[in-house]
Number of protein chains: 2
Amino acid sequence: MATIRDVAKEAGLSTGTISKALSTPERVSKKNLEKIQIAIKKLKYKPNMLAQKFRAKSSKTIVVLVPDIANQFFASVISGIELVAQNRGYSVLLGDTRDSAVREREFVRMVETKLADGIINLRPYKKEDAILPQDDILSVSASSCEGTPSYSVRIDNVGAAKKAVSHLIALGHKRIGVISGLKENPHNIDRFNGYKAALADANITYDPKLVVAGDFNYWSGLTAAEQFSIMKPRPTAIFSMNDEMAIAAIRGFKDKGINMPEDMSIIGFDDMEVSRYCIPTLTTISQPAEKIGEKSAELLLQLIEGKKPETEEYILPYEFVIRESIAPPKI
Amino acid sequence: MATIRDVAKEAGLSTGTISKALSTPERVSKKNLEKIQIAIKKLKYKPNMLAQKFRAKSSKTIVVLVPDIANQFFASVISGIELVAQNRGYSVLLGDTRDSAVREREFVRMVETKLADGIINLRPYKKEDAILPQDDILSVSASSCEGTPSYSVRIDNVGAAKKAVSHLIALGHKRIGVISGLKENPHNIDRFNGYKAALADANITYDPKLVVAGDFNYWSGLTAAEQFSIMKPRPTAIFSMNDEMAIAAIRGFKDKGINMPEDMSIIGFDDMEVSRYCIPTLTTISQPAEKIGEKSAELLLQLIEGKKPETEEYILPYEFVIRESIAPPKI
DNA sequence: CTGTTAGCGCCTTCAA
DNA sequence: TTGAAGGCGCTAACAG
């Protein structure tokens with residue numbers, strides 16, 4: 001492997017000049033620039049970035065911690081992060097933690113040991129179970145929840161859920177079921193609080209029987225629909241903690257001969273691509289996933305470059321997208 | 001940030017001893033080991049891995065090129081890769097190329113510039129449009145297709161497709177439709193060849209009208225089902241190039257009053273998790289995704305460590321999983 | 001505009 | 001078992 005010294009020798013110049021030619025070519029004479037070009041080509045010289053980074057004491061890399069990489073929403077957030085990072089000359093190291101704290105710590109170690117400059121965490125957490133933030137680690141929490149410590153970018157989950165449920169109430173619904181996500185999941189908790197708040201506002205008493213436990217996955221939405229279909233009295237509308245379960249539930253209700261939206265209204269959360277296509281198309285909360293990613297990256301890069309951001313918490317606007325899946329209750 | 005020299009000073013020893021204490025503690029006296037431990041804790045010393053890697057001239061990192069990160073199958077393959085890599089002390093850098101050659105090149109540059117030691121490519125390609133392999137880059141192609149240049153790990157797509165279609169023929173089906181994936185996609189091509197081979201074996205003439213173009217996504221499966229439902233005569237069975245489209249098609253057929261498997265048989269490809277749950281459960285080809293990942297990683301690490309693998313092409317066994325979605329045709 | 005030189009943090013001889 | 005010293009490839013003074 002050719003080094004900068006080999007190039008210098010080949011071009012009959014010093015390493016300093018080669019280095020300059022690479023970083024600020026305008027400050028090197030044209031003649032020498034040409035010689036250098038030729039030498040580089042001849043030797044197939046590629047700068048050793050490991051050496052560059054070592055010397056610069058900065059890896060120009062940020063780690064993105066993802067609980068589950070095969071997830072549309074996260075993929076969009078990552079997309080936004082990469083956009084900003086690349087524009088600023090940073091690379092993105094994806095850390096699929098698969099919800100394991102051990103794996104999460106490993107990635108934190110990477111920044112402790114200089115392999116990365118900072119972390120964006122896509123796993124929502126409350127204060128209690130937080131590994132991050134850590135004193136000596138620059139980190140930002142993306143798509144976080146209420147009460148996330150330190151820098152964070154998110155939407156108002158409570159408000160969004162409340163808005164959705166209030167809309168159902170305004171349509172005339174009184175018995176509104178919930179397909180919940182994982183119990184301990186902070187997003188689930190926030191959205192659930194929004195649900196309760198909407199009921200409280202309308203003086204509807206909260207009935208825990210109307211809450212069916214799901215796990216954010218398709219299958220659990222299907223099961224939930226079955227349970228709702230045999231309830232007496234049956235709810236007239238459902239608020240699902242994500243689109244995937246909502247879409248499964250639509251399917252499940254149809255199998256039981258319950259038609260949407262005539263017999264049953266349903267609202268999801270996320271606005272996945274399929275939600276525009278399913279039958280009926282799904283009313284849902286749309287999160288600005290890419291924007292969340294972009295904002296998080298901007299925040300982290302600010303921190304890395306030693307600037308102090310104005311605010312700790314950035315709350316981005318969501319959108320309540322009304323589609324075919326809701327209607328006033330019968331009677 | 002404390003360096004190894006600071007620790008040496010604090011412990012009253014030389015840097016060499018500290019270094020040894022970190023790598024081969026058994027070769028350092030217990031007394032000194034203790035002193036060193038204390039010094040490290042006091043100074044909160046963390047070795048600078050950028051320096052370590054620089055000196056070792058090896059990043060102990062492999063890049064995994066993924067066309068689309070939000071994809072179950074790829075996620076499983078990556079899982080297998082990470083398993084092997086971590087056991088051998090390598091980290092995995094995920095490169096989501098989003099099918100862009102530019103982005104792909106960027107990751108190739110990382111290994112040229114020492115930021116990574118080798119590449120595992122999850123994008124299938126034929127000889128013509130290959131960026132990899134490249135002379136000076138160690139790479140392995142995972143989940144590749146027929147005719148992939150250089151080291152590769154895959155299943156026999158042609159054989160698998162042929163087996164599935166032959167099974168339909170054996171059940172008595174003669175008009176067998178296809179929901180294809182993206183036209184240029186090599187997996188699509190291989191599987192399509194398998195389909196044709198099965199027809200040829202049974203002396204059934206290939207009818208291009210029975211092929212509906214899809215794109216591997218849910219929505220295209222739905223559309224395909226609509227098209228098939230108005231064909232006259234309608235096919236009695238469908239071979240779908242992946243599970244996602246197959247599951248969508250089941251849905252689409254049901255909407256048209258076509259019941260599976262009585263009125264229509266269907267077979268998918270991939271064996272996604274949902275395929276075990278949908279109604280009817282889906283007959284499909286199961287790929288050993290994790291195993292493909294593991295084998296690819298083993299191969300690449302062998303190459304990195306300078307050993308020459310026995311074979312260039314590793315073909316892993318697939319499984320034809322028969323579930324409820326197929327039956328003999330009516331009459 | 002170009003060359004010289006020192007040193008980033010670590011590890012590995014080599015000698016004690 | 002420990003210490004001293006050199007060097008990995010690169011860049012940033014500084015001097016010319």
Side-chain angles (χ1 to χ4, degrees), chain A residues 1-40 43-61 89 109-117 136, chain B residues 1-40 43-61 89 109-117 136:
Chain A
M1 210 45 313
T3 75
I4 202 169
R5 252 187 292 269
D6 298 326
V7 177
K9 209 174 291 172
E10 176 73 28
L13 293 163
S14 77
T15 59
T17 309
I18 312 299
S19 179
K20 234 159 291 174
L22 259 28
S23 54
T24 48
E26 65 276 13
R27 295 191 178 187
V28 172
S29 72
K30 281 193 183 152
K31 280 179 204 168
N32 284 337
L33 221 46
E34 270 177 39
K35 277 198 227 166
I36 294 172
Q37 303 267 16
I38 295 169
I40 286 179
L43 301 176
K44 290 189 189 156
Y45 168 72
K46 313 264 183 216
N48 180 335
M49 297 191 60
L50 232 35
Q52 283 185 342
K53 291 181 175 208
F54 163 59
R55 183 152 198 300
K57 294 167 187 282
S58 144
S59 59
K60 284 265 185 185
T61 298
R109 272 205 49 206
M110 298 193 76
V111 359
E112 288 177 341
T113 59
K114 306 277 180 191
L115 286 186
D117 301 330
D136 45 347
Chain B
M1 210 46 312
T3 76
I4 202 169
R5 251 188 294 269
D6 299 325
V7 177
K9 207 175 291 172
E10 176 74 27
L13 294 163
S14 76
T15 60
T17 309
I18 313 298
S19 179
K20 235 159 290 174
L22 258 28
S23 55
T24 49
E26 66 277 13
R27 295 191 179 187
V28 172
S29 71
K30 280 192 183 152
K31 279 178 203 167
N32 284 339
L33 220 46
E34 270 177 40
K35 276 196 227 168
I36 295 172
Q37 304 267 15
I38 294 169
I40 286 179
L43 301 176
K44 290 189 188 157
Y45 168 71
K46 313 262 185 218
N48 180 334
M49 297 192 59
L50 232 35
Q52 282 184 346
K53 290 181 177 209
F54 162 58
R55 187 163 191 295
K57 294 168 188 282
S58 142
S59 59
K60 285 265 184 184
T61 298
R109 273 205 49 206
M110 298 193 76
V111 358
E112 288 177 342
T113 59
K114 307 277 179 190
L115 286 186
D117 301 330
D136 45 347

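In what follows, chains carry the letters A, B, and so on, assigned in the order in which the sequence lines appear, proteins first and then strands, with residues in each chain numbered from 1. Remember, predicted model here, so these are calculated numbers, not experimental data.
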Requested in this report: Using salt bridge (charged side-chain N to carboxylate O under 4.0 Å, His left out) as the criterion, list what pairs up with B:Lys46, not counting sequence neighbours.
Outcome: A:Glu112
Query raised in the report: To the nearest angstrom, how far is A:Lys9 atom NZ from D:dG9 atom C1'?
Result: 14 Å
Query raised in the report: Taking only residues two or more places apart in sequence, or in another chain, which ones meet B:Ser23 in a side chain to side chain donor-acceptor pair (under 3.5 Å)?
Result: none
Requested in this report: In whole angstrom, give the distance that lies between atom CD1 of A:Ile40 and atom P of D:dG9.
Outcome: 16 Å
Requested in this report: Would you mind reading off the distance between A:Leu13 atom CG and C:dT4 atom C1', rounded to a whole angstrom?
Outcome: 14 Å
Query raised in the report: D:dG9 phosphate, OP1 or OP2: any side-chain N/O from A:Gln52 under 4.0 angstrom?
Result: no
Report summary line: Residue pairs passing the salt bridge (Lys or Arg N to Asp or Glu O under 4.0 Å) test with at least one member in residues 10-25 of chain A, sequence neighbours excluded, are A:Glu10-A:Lys42
Query - Residue pairs involving residues 29-38 of chain A (criterion salt bridge (Lys or Arg N to Asp or Glu O under 4.0 Å); sequence neighbours excluded) - result: none
Query raised in the report: Quick one: side-chain contact (heavy atoms from CB on, under 4.5 Å) partners of A:Met110, sequence neighbours excluded?
Result: A:Leu93, A:Phe107, A:Leu115
Requested in this report: Specify the separation, in whole Å, of atom CD1 of A:Ile36 and atom P of C:dC1.
Outcome: 12 Å
Query raised in the report: How long is the gap from CG on A:Leu13 to OG on A:Ser19, to the nearest 0.5 Å?
Result: 12.5 Å
Report summary line: Across all chains, not counting sequence neighbours, the side-chain contact (heavy atoms from CB on, under 4.5 Å) partners of B:Leu33 are B:Ala21, B:Pro25, B:Val28
Query raised in the report: Counting only non-hydrogen atoms, which of residues 16-28 of chain A are less than 4.0 Å from DNA chain C?
Result: A:Gly16, A:Thr17, A:Lys20, A:Glu26, A:Val28
Requested in this report: Could you check whether B:Leu50 gets within reach of a base, just the sugar-phosphate, or nothing at all, counting any heavy atom under 4.0 Å?
Outcome: nothing
**Report entry** Sequence-distant partners of B:Ser14, side-chain contact (heavy atoms from CB on, under 4.5 Å), two or more places apart
**Finding:** B:Thr17
Polar atoms only, N or O, under 3.5 Å: list the protein pairs with nucleotides 7-9 of chain C and their distances.
from: C:dG7; atom 1: N2; to: A:Arg55; atom 2: NE; distance (Å): 2.6
from: C:dC8; atom 1: O3'; to: A:Lys57; atom 2: NZ; distance (Å): 2.6
from: C:dG9; atom 1: OP1; to: A:Lys57; atom 2: NZ; distance (Å): 2.7

